[in-house]
Amino acid sequence: MSAPLAADRSVCTGAGQCVRAAADVFDQGDDGLVVVRRQPAPAEHLDVLAAVDACPSRALSWSA
């Protein structure tokens with residue numbers, strides 16, 4: 001069973017790598033910190049994995 005995509009806003013630095021990798025899944029709030037808009041569709045899994053890998057603060061967690 002896969003774990004839901006999660007973002008720890010307490011460690012996010014607002015680098016925006018997640019939005020650049022998967023803009024339909026991630027956004028940045030008014031404070032610049034990550035917001036998970038929705039769980040990724042299967043066609044978005046590679047982009048979301050790239051976002052998780054690119055996050056410099058390791059704020060994202062997910063396993064497909």
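If you're wondering where the values come from, they're calculated on a predicted model, not measured in any experiment.
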**Study point:** Pairs satisfying salt bridge (Lys or Arg N to Asp or Glu O under 4.0 Å), at least one member in residues 6-18, at least two apart
**Key:** R9-D31

**Study point:** L60: hydrophobic cluster co-members (side-chain, 4.5 Å)
**Key:** L5, V19, V25, F26, V34, V36, V48, L49, V52, W62

**Study point:** Set of side-chain contact (heavy atoms from CB on, under 4.5 Å) partners for P56, sequence neighbours left out
**Key:** T13, A15, Q17

**Study point:** For R37, side-chain hydrogen bond (donor to acceptor under 3.5 Å, both in side chains) partners two or more places apart
**Key:** none

Point to revise | All pairs passing salt bridge (Lys or Arg N to Asp or Glu O under 4.0 Å) where residues 44-64 contributes a residue, at least two apart | key: R38-E44

Point to revise | Set of salt bridge (Lys or Arg N to Asp or Glu O under 4.0 Å) partners for D30, sequence neighbours left out | key: none

Review point. Where do S57 and C12 come nearest, in terms of heavy atoms and distance?
Key: OG-CA, 3.6 Å

